[in-house]
Amino acid sequence: MKIKEKNSKINPLAGMYVVLIALLPAIPIRIYQLLNIIETDTGFYKQVDRSVYIMYIIAAIAIILTYLLTVFAKNVPASKSPFRRNRFLAVTSIIFAAGIVLDVVNALSDFLINAKSYLSINLTIFGTMNQDQIPLLLESVFGIFAAIYILVFGISYIDGRTTYSQYKFLALTPLFWAVMRLIARFVKKISYINISDLMLELFGITFMVIALLAFARISSGIANVKSMRTLFYSGFISLFLLETANIPRLVMMITGNMSAIPDEYPLSLADLAFGVFVVAYAINAIKCAKENDTLEDVTPEEIVEEDNMQTDDNFLDD
């Protein structure tokens, strides 16, 4: 009984607060690492000092606490599209869409550069497609549609119409775009030793994929009971990992230390914007739920029991 009473006091945004607090030491540590112990040509640690272990500890605590606080939180919004006019959410959505467009440009540029180099050694067009090019091409294709969907989503929060809920397949394109980004990083031919930037991006995008799946379900109106809770914890964890990777890069650019940014891991506006988008979405969902009394009609304990007994409904079948 006491445990349940304690659970009932957990704010659904507690995980977000943990992440934002964890970023305060993580970002300065990451800046130090970029300037002192990271190879600019690979993004790997060239030496492992105390800051590496401190970063791992901060990340582990932030991720575990965020997950637990969100899973056991009370008064999480129901898994319904949280609609209320919100210019902040609209603006962050539009910026996120712009970031996806820039990612498409970069992916397509990498694809064309690689194709040109493959053709120069007499490989055919089909031959170039066997050289890890497919993920980059699909990332570009899905990215175009993902940007369109996120843009429509943002505009809906300005004009007062939930037009985005009608496009169920288009709602999946941000998810497919993120999956292709993840695959493109997995196929990089590297040794997974002393990884720095790549590790942050791999885990950050993995949680982004989970969050965007929940987002697609909720936006399409076919979510299961725990989709909003899933979006919260995965979105907040992705926020921590991707902002830890990208805010220091932004600082390097502003302070004129571009040479400290690893060549293969430039600043990603899409990753930066996604973190802000998640915060805006979560806050709007909480406000909308309180105004319309649309909270989950199950307890956190029942959510955990359901996790142990069954899997999610199949999104594509729905």
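The figures that follow rest on heavy atoms only: side chains count, while hydrogens, waters and symmetry mates do not.
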- [ ] Name all residues meeting the side-chain hydrogen bond (donor to acceptor under 3.5 Å, both in side chains) criterion together with Asn246; count only those two or more places apart in sequence or in a different chain, and write none if there are none.
- [x] Arg249

- [ ] Mind listing the closest non-hydrogen atom pair of Pro248 and Leu34 along with its distance?
- [x] CB-CD1, 3.6 Å

- [ ] Taking all non-hydrogen atoms of both residues into account, name the closest pair between Arg229 and Thr70 and its distance.
- [x] NH1-O, 2.9 Å

Task: side-chain contact (heavy atoms from CB on, under 4.5 Å) partners of Ile247, counting only residues at least two apart - done: Ile27, Glu243, Val251, Leu272

Task: Residue of the set Val76, Ile218, Ile210 for which side-chain contact (heavy atoms from CB on, under 4.5 Å) holds with Leu231 - done: Ile218

For a quick test of your reading: what N or O donor-acceptor pairs under 3.5 Å do the side chains of residues 140-149 make, sequence neighbours left out?
| from | atom 1 | to | atom 2 | distance (Å) |
| --- | --- | --- | --- | --- |
| Ser140 | OG | Leu108 | N | 3.3 |
| Ser140 | OG | Leu136 | O | 3.0 |

TODO: Before accepting this row, confirm whether a basic side-chain N of the pair Lys46/Asp41 lies closer than 4.0 Å to the acidic partner's carboxylate O.
DONE: no

Task: ILVMFWY cluster, Val276 and Val91 together (side-chain gap under 4.5 Å) - done: no

Open item on the list: Would you say the rings of Phe72 and Tyr67 are close, in the sense that their centroids are separated by under 6.0 Å?
Closed with: no

- [ ] Give, for atom CG of Leu182 and atom CZ of Phe203, the distance between the pair rounded to the nearest 0.5 Å.
- [x] 10.5 Å

- [ ] State whether the side chain of Asn257 and the backbone N or O of Met253 hold a donor-acceptor pair below 3.5 Å, judged by distance alone.
- [x] no

Open item on the list: Please enumerate all residues that pass side-chain hydrogen bond (donor to acceptor under 3.5 Å, both in side chains) together with Ser51, with sequence neighbours excluded.
Closed with: Gln33, Asp49

- [ ] To the nearest 0.5 angstrom, please state how far the CH2 atom of Trp177 sits from the CD atom of Glu139.
- [x] 7.5 Å

TODO: Considering non-hydrogen atoms only, spot the tightest contact between Ala26 and Met55 and give its length.
DONE: O-CE, 3.3 Å

With a cut-off of 3.5 Å and sequence neighbours excluded, list every side-chain donor-acceptor pair involving residues 234-242.
| from | atom 1 | to | atom 2 | distance (Å) |
| --- | --- | --- | --- | --- |
| Ser234 | OG | Ala211 | N | 3.3 |
| Ser234 | OG | Thr230 | O | 2.6 |
| Ser238 | OG | Gly204 | O | 2.9 |

TODO: Decide yes or no on side chain to side chain contact (heavy atoms under 4.5 Å, CB included) for Tyr265 and Glu201, but give the supporting numbers first.
DONE: CA-CA 9 Å; Tyr265 303 97; Glu201 290 193 358; 3.8 Å; yes

Open item on the list: So which atom in Arg30 and which in Ser196 form the shortest heavy-atom distance, rounded to 0.1 Å?
Closed with: NH2-OG, 2.6 Å

Open item on the list: Show the nearest heavy-atom pair for residues Pro28 and Leu24, with the distance to one decimal.
Closed with: CD-O, 2.8 Å

Open item on the list: To the closest 0.5 Å, what do you measure between CG (Leu69) and CG (Leu13)?
Closed with: 11.5 Å

Open item on the list: For Asn86, give me all partners under side-chain hydrogen bond (donor to acceptor under 3.5 Å, both in side chains), at least two apart in sequence or on another chain.
Closed with: Asn284

Task: Distance-minimising heavy-atom pair for Ser220 and Ala216 - done: OG-O, 2.8 Å

Open item on the list: Looking only at the aromatic ring of each residue, does the gap between the centers of Phe96 and Tyr281 stay below 6.0 angstrom?
Closed with: no

